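Taking it in order: structure first as C-alpha cells, then the write-up.
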2 protein chains.
Amino acid sequence: MNKILIIEDDPAVSKGLEISLRKENYETLISSDGEKGFLTALKIKPELILLDIMLPGKNGFDICKDLRLSGYNFPIIMLSDKAEEADKVIGLELGADDYVTKPFSIRELVARIKAILRRRSVIKNDFDIFKFDDVTLDFAKMEAVKGDQKIEMSLKEYEIMKYFIGHEGNVVSRNDLLNEVWGYDNFPTTRTVDNYILMLRKKIETNPSSPKHIITYHSAGYKFVK
Amino acid sequence: MNKILIIEDDPAVSKGLEISLRKENYETLISSDGEKGFLTALKIKPELILLDIMLPGKNGFDICKDLRLSGYNFPIIMLSDKAEEADKVIGLELGADDYVTKPFSIRELVARIKAILRRRSVIKNDFDIFKFDDVTLDFAKMEAVKGDQKIEMSLKEYEIMKYFIGHEGNVVSRNDLLNEVWGYDNFPTTRTVDNYILMLRKKIETNPSSPKHIITYHSAGYKFVK
DNA sequence: TTCAATTGTCACAGTTTTGTAAAAAATGTG
DNA sequence: CACATTTTTTACAAAACTGTGACAATTGAA
C-alpha cells in the first residue's frame, strides 16, 4: 500500500486530495505545518510527498532540499500558487520530481501521481539474483546458469537482462534499451540491440529460434517474460 | 476545437463566460436547466463543463456525480455562490476537477480553464490499460483480450485504438487519424484508414458487421464508444 | 426511386522490420 | 604490442506488416 504525505495548509486542497487519493487506494497523511510535515516525512518515509511551497513553519523549498539532504529518495511533487518559471526551476533543482501550479485539476494531479509511482515501481526492485525457467542469473557475482550448464555473459548482456527483468511483461523499445543500458551519450544502431537479443536468446532460451522469454513485438520492441 | 458546455441559469454569468471563452477560440454551449444540461453533456461530450450548483431541474452535484457514473471523463469545474468549505469538499468528492466561488473574476476562470485543458492534453494519453465491453487493451504489454480470447494486434492498431479512446465519444475524421497516428510526413490514402477499421472491428467487435464500438459517421469519420 | 458518393471487404504486392551470421572495430589485459 | 574478448556494423534472408485497387454494399440527396 502506497503512503502519500500531503504537506499543505489549505484544508480545501488537502481534503480534496485526500478524498481523491483514498479513492485510488492510497493511504494519505496530511500535515498543515511545514516543520511538522518535514519531521513526519522523515519518520514515515512515504512513497510520495505532495508539497506546498507557501507554508507556515518551514517553506516547501527548504523542506524539499533538507529531505533530499537527509537521504529521502522518493518522489516529491511541489504545489505552487505562482506560475513563476523561476520557482519551477528552483523546485526541480532542489530535487522535486514534478511541479504543479495551482489551480490544478485534482483528477489530473492524481493521474500524474499514478504515473510517477508506476514508473518508479519498475525501477524500485533492486535484486541480485533472478531465476526463471531453468535459468539463474546472479548479477552480483555475474554468474549465470541454465540447467546444469554455466553461461558466459558479458556485462552488457547482464545489463540488458536486468533492464528486461525490471520491466518484465512490458514491451520495451530498442530506444528504451539504448537510452537506459547504453546511456544517452554513445549511441549505436538499433540493429545492435537485435544482435544482443540474438545472443541472449542463444544463451537463455531452450529453443532460441522460437523464444519463450524474449518475445519480439514487431515495430515496437521486445518483451521479457518469465 | 475545444467545446465547452456552460450549465448555468443566470444569463448574466453564462453570457459573460461565453463572450470571454469565444474570444479564446473555444466553442461554447449554454444550458440554463440542470436536466437539459446533463443530457446535452452526454450527447455532446464537451471537452470541459462549467457547472453551476444551484440550478432548476437538477442540481450541480447530482449532474456531476451522474456524469462521472456514466463515464464522462473530461474536466468539470463547479461554480458556486457559497464559499462553504463543505460544499467544496463535496464537489471534489463527486469528481469535479475544480471548484470556483462566485463572484469570480472571469479572467481568472478563463486562465484556470486554459491551464486545465493544456495539462489535460499532455497527460490524456497516459493510460496503460483500457477496458470496454468484454475487451481489455493493455498498451504497455501490447496484450489484448476479448472475452477469454487473446487478440493479436499490430502496433498501428494499438495506436489507432489509443487515439480513438483518447477521443471517446467524438467523431474522428480519417484525416485526424492520418495526421495523429501516421504523422505529417508519410500519408497514405484515406482508404487505408477504412481497412484498419475493418481489421479492428473484426478483432474487438462481437458482431463486426454491426459494430457497437467503432461507429461509422457517413462522410464524417468514425466514433469510438465504450 | 435513382444516382452519385461514400464505405465495406478482400487479396495481393511492395515495403519495412527482424533474424542471423560473419566480419570489422573497439576495448581491455598482461 | 599482441591477444582475447566484447561491441558494433554490415549484408542477406525470412517474416510480418502496410497500403492499394477493385468491386460490392450502403448511404444520402435530388
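The structure displayed is predicted, hence computed values, not measured ones. The chains referred to below are lettered A, B, ... by the order of the sequence lines, with proteins before strands, and numbering in each begins at 1.
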Nearest whole Å is fine: how far is D/dT6 P from A/Ile151 CD1?
14 Å
Determine to 10° how strongly the helix from C/dT1-D/dA30 to C/dG30-D/dC1 is bent, judged from the axes of its five-pair ends.
50°
Let's go through B/His213 and B/Phe132 carefully: what are the C-alpha distance in whole Å and the side-chain angles of both, what is the deciding distance for ring-ring contact (aromatic ring centres under 6.0 Å, His included) to 0.1 Å, and is it a yes or a no?
CA-CA 9 Å; B/His213 299 295; B/Phe132 61 95; 4.9 Å; yes
State whether A/Trp182 places a side-chain N or O below 4.0 Å from either non-bridging phosphate oxygen (OP1 or OP2) of D/dT7.
no
Just how far, in rounded Å, is P of D/dT10 from OH of A/Tyr196?
16 Å
Please answer whether the main-chain N or O of B/Asn175 pairs with a side-chain N or O of B/Asn179 as donor and acceptor at a distance below 3.5 Å.
yes
Report which part of the nucleic acid B/Thr192 touches: base, sugar-phosphate, or nothing (heavy-atom distance under 4.0 Å, all strands).
base
To the nearest angstrom, the CD1-C1' distance between A/Ile215 and D/dA16 comes to 16 Å
Does a salt bridge link A/Arg174 with A/Asp194, judged by any charged N lying under 4.0 Å from a carboxylate O?
yes
Kindly state whether the ring of A/Phe74 and the ring of A/Tyr72 have centres lying under 6.0 angstrom apart.
yes
Between P of D/dT5 and CE of A/Met153, the distance in whole Å:
17 Å
Only pairs at least two apart or in different chains count here, so list each ring-ring contact (aromatic ring centres under 6.0 Å, His included) that has a residue in residues 191-211 of chain A.
A/Trp182-A/Tyr196
Salt bridge or not for A/Lys203 and A/Glu157, using N-O below 4.0 Å?
yes
Rounding to an integer number of Å, can you tell me how far A/Tyr158 OH sits from D/dT7 C1'?
17 Å
Whole-Å distance, A/Leu200 CG to D/dT7 P, equals 11 Å
Grab the N/O contacts between the protein and nucleotides 11-15 of chain D below 3.5 Å, and write none if there aren't any.
none

Qualifying salt bridge (Lys or Arg N to Asp or Glu O under 4.0 Å) pairs with a residue from residues 204-218 of chain A, counting only residues at least two apart or across chains:
none
If we ignore angles and hydrogens, is there a donor and acceptor under 3.5 Å between the side chains of B/Thr216 and B/Tyr222?
no
At a heavy-atom distance below 4.0 Å, which nucleotide of DNA chain C is the first touched by chain A, and which is the last?
C/dT17 to C/dA22
In this structure, how many angstroms lie between the P atom of D/dT8 and the CG atom of A/Leu177, rounded?
13 Å
So does B/Thr189 get a side-chain nitrogen or oxygen closer than 4.0 Å to the phosphate oxygens (OP1/OP2) of D/dT20?
yes
Under the side-chain contact (heavy atoms from CB on, under 4.5 Å) test, which residues partner A/Val145, sequence neighbours left out?
none
Going through the distances and angles, do A/Ile151 and A/Glu143 end up as a side-chain contact (heavy atoms from CB on, under 4.5 Å)?
CA-CA 7 Å; A/Ile151 312 171; A/Glu143 285 172 0; over 6 Å; no
Would you tell me whether A/Ser209 and A/Asn207 have side-chain atoms, one donor and one acceptor, within less than 3.5 Å of each other?
yes
Take atom CE of A/Met199 and atom C1' of D/dT8, then tell me their distance rounded to the nearest Å.
9 Å
